[in-house]
There are 2 protein chains.
Amino acid sequence: MVSYTEENYLKSLFLLSQGSGEVGVNELSQHLGIKMPTVNSMMKKLREKKLVVYEAYKPLKLTARGKKEAGLIVRKHRLTEMFLVDIMGFTWDKVHEIAEQIEHIASPEFFDRMDSMLGHPTVDPHGSPIPDKNGNLVWKQYRSLLEVTAGETVKLCAVINSSDEFLRFLNARNLQLGTKIKVVSVESFDQSMRVSYTGHSDEMLSKIVCEKLLVE
Amino acid sequence: MVSYTEENYLKSLFLLSQGSGEVGVNELSQHLGIKMPTVNSMMKKLREKKLVVYEAYKPLKLTARGKKEAGLIVRKHRLTEMFLVDIMGFTWDKVHEIAEQIEHIASPEFFDRMDSMLGHPTVDPHGSPIPDKNGNLVWKQYRSLLEVTAGETVKLCAVINSSDEFLRFLNARNLQLGTKIKVVSVESFDQSMRVSYTGHSDEMLSKIVCEKLLVE
DNA sequence: TTTATTTGTTAGATGAATCTAACTTTGTAG
DNA sequence: CTACAAAGTTAGATTCATCTAACAAATAAA
Ligand SMILES: [Mn+2]
Ligand SMILES: [Mn+2]
Ligand SMILES: [Mn+2]
Ligand SMILES: [Mn+2]
């Protein structure tokens, strides 16, 4: 059995492992908002449970079992977010906190039902992929908007940061998944971009913003 | 703040208080499947939090605040059950366990949404009333089927016991909420009843079963 | 009205998840 | 190649929720 708490550790480790290869105790500690010694003990416990490969001073790694468990939690999280938006009418900036709790519900049927009501979605409301029923996850290789050159038109497919603040920033500018964005010009000085898209007047987007927008 | 665990104690106390007036530590302990000394300490803690009135050897009572908290948890439980059946297509014998977990989700909007999607229902899939937004609950005064005399026709409005077993017993006989039941005859020896209703051949129902069926 | 049974309480232990303080290892900047 | 900073570990304490064993009070039976 994996406890509620352990599930959160596994999930964080899983998500941190996606991006930057190596994950350390400190990084995990920051991400969870839990002090390092606590994380340390938990890693020992998860090692006993054969969910994590842990050796003192070495980077942390999930075992195959750990990866599957974690992937399935992420699956529940993202299915939930999709359900909250598509079925229950929430906006994409209000779903994360609720999903953070519902991802721990023990009931395969519950999530299977969500999955089929949603027509087996492959991405969540922020464009992040939903792991399959074995917990496997694959990111499509999107480009960051930063890499797009002036004159190109691309489609917004995902956002990297799903904080309420960032999502509300996008809401305010009527930028949503699927929006076709034309890069009008790029300011070489600070890499900010002037973009145009239907349903809104032209916008200036800072580098910080652009690098968080994934497009194709 | 009321913890997950505390919520379950409050809810049990609330539900036990509905029926038989007096609730003791032993009864609560049985209902929760938790040993008496543990319940004892918890009562002391809930007393400190002003949710329970507790004096050694005296019966347990919720304070007004405790009653409201508990009522709101029951509300979340029953709204969830209704949501699972009406929106997600579960059958009434599969929803309790899931609701037992979801009732602890902290998100008023989540349950408000359920409530409005369901059109502000007043009863759950087992016919139990859903407390209002202040946690107030009122049972309609139904009769038990046991009190119905031969010849009368009544409508099944609620079931007292919502165990999977009992619900599957009713499923097997095609008995559901709303079914119009005609009492054909009553066996005075053991108070079993012969009943008839559309969609099924006549059935013999034991006293044990009849007393759990609420009708009007 | 004694005695036995049920109910309730106290005391003390355990395991999970957390923390702070102190120490150690690793890696980097002079 | 030291020395300092960052990252990681150990030790020990705390809080919550649980248990068992032993004792006490209230109730029901004899
Ligand atoms: Mn999320
Ligand atoms: Mn979570
Ligand atoms: Mn229920
Ligand atoms: Mn519960």
Side-chain angles (χ1 to χ4, degrees), chain A residues 1-17 19-62 66 69-70 73 100-101 103-106, chain B residues 1-14 16-17 19-62 66 69-70 73 100-101 103-104 106:
Chain A
M1 263 301 81
V2 183
S3 75
Y4 190 109
T5 308
E6 289 165 350
E7 287 191 342
N8 281 332
Y9 280 86
L10 290 176
K11 190 181 58 148
S12 285
L13 195 41
F14 181 88
L15 294 174
L16 291 173
S17 305
S20 38
E22 309 265 279
V23 183
V25 173
N26 188 246
E27 195 183 351
L28 185 52
S29 158
Q30 304 275 304
H31 192 256
L32 285 162
I34 285 174
K35 294 293 191 296
M36 281 205 289
T38 309
V39 173
N40 193 281
S41 337
M42 183 56 87
M43 287 309 107
K44 289 175 179 172
K45 190 176 7 151
L46 293 178
R47 174 178 57 192
E48 292 322 300
K49 294 195 172 186
K50 311 256 190 262
L51 294 165
V52 165
V53 182
Y54 168 68
E55 263 196 281
Y57 301 107
K58 296 253 161 64
L60 304 168
K61 263 183 57 186
L62 289 167
E69 287 287 342
I73 300 159
E100 201 58 48
Q101 301 174 63
E103 69 191 0
H104 304 287
I105 300 291
Chain B
M1 262 302 81
V2 183
S3 74
Y4 191 109
T5 308
E6 289 166 350
E7 287 191 341
N8 281 332
Y9 280 86
L10 290 176
K11 191 181 58 148
S12 284
L13 195 41
F14 181 87
L16 291 172
S17 305
S20 37
E22 308 264 278
V23 183
V25 173
N26 189 245
E27 195 183 351
L28 183 53
S29 158
Q30 305 274 300
H31 192 257
L32 285 161
I34 286 174
K35 293 293 190 300
M36 282 204 289
T38 309
V39 173
N40 192 282
S41 338
M42 183 56 87
M43 288 309 107
K44 289 175 178 170
K45 193 185 352 162
L46 293 177
R47 174 178 57 194
E48 293 323 299
K49 293 195 173 184
K50 310 256 190 264
L51 294 165
V52 165
V53 183
Y54 169 68
E55 262 195 283
Y57 300 106
K58 296 254 162 65
L60 304 168
K61 264 183 58 187
L62 289 167
E69 287 286 343
I73 300 160
E100 201 58 47
Q101 302 174 61
E103 68 192 359
H104 303 288

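Below, each value reflects all heavy atoms present in this structure, side chains not excepted, and no hydrogens, waters or symmetry copies. Below, chains carry the letters A, B, ... as their sequence lines are ordered, and counting in each starts from 1.
- Here dG8(D) presents its P atom at 10 Å from CD of Gln30(A), a figure rounded to the nearest Å.
- Between Tyr57(B) and the phosphate of dT6(C), there is no side-chain N or O to OP1/OP2 separation shorter than 4.0 Å.
- Among the atoms of the strands shown, only primed sugar atoms or phosphate atoms (P, OP1, OP2) are found under 4.0 Å from some heavy atom of Thr5(B).
- Residues Ser3(A) and Ala56(A) both approach DNA chain C. Their nearest nucleotides, taken by heavy-atom distance, put Ser3(A) toward the 5′ side.
- Per the geometry, CE belonging to Met36(A) stands 6 Å off C1' belonging to dG8(D), to the nearest Å.
- When the options Val53(A), Leu28(A), Leu46(A) are evaluated for a side chain to side chain contact (heavy atoms under 4.5 Å, CB included) with Leu60(A), the one that passes is Leu28(A).
- Closest of all the heavy-atom pairs between Tyr4(B) and Glu100(B) is OH-O, 4.3 Å.
- Here dA16(C) presents its P atom at 10 Å from CE of Met42(A), a figure rounded to the nearest Å.
- In this entry the distance linking CE of Met43(A) with C1' of dT9(D) reads 14 Å, nearest Å.
- For the pair Leu32(A) CG and dC19(C) P, the interatomic distance rounds to 10 Å; values are reported in whole Å.
- Contact annotation for Lys44(A): backbone-only contact, meaning every heavy-atom pair under 4.0 Å involves sugar-phosphate atoms and none involves a base.
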Given Thr5(A) and Met42(A), is the side chain to side chain contact (heavy atoms under 4.5 Å, CB included) satisfied, shown in steps? CA-CA 10 Å; Thr5(A) 308; Met42(A) 183 56 87; 3.9 Å; yes
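- Computed from coordinates, the Glu27(A) CD to dT26(C) P distance equals 19 Å when rounded to whole Å.
- Atom NZ of Lys58(B) is separated from atom P of dA25(D) by 14 Å (rounded to the nearest Å).
- Within the 4.0 angstrom heavy-atom criterion, only backbone atoms of the sugar-phosphate kind lie near Tyr9(A); the bases stay farther away.
- Residue order along DNA chain D, read from the 5' end via each residue's closest nucleotide, puts Ser41(A) first among Ile34(B) and Ser41(A).
- Between atom CZ of residue Phe14(B) and atom CD1 of residue Ile73(B) there is a gap of 9.5 Å, rounded to the nearest 0.5 Å.
- In terms of phosphate contacts, Asn40(A) brings a side-chain nitrogen or oxygen within less than 4.0 Å of OP1 or OP2 of dT9(D).
- Between the CG atom of Asn26(B) and the C1' atom of dT5(C) there is a distance of 12 Å, given to the nearest Å.
- Using a distance-only test at 3.5 Å, with no hydrogens or angles considered, a donor-acceptor pair links the side chain of Lys49(B) to the main chain of Met1(B).
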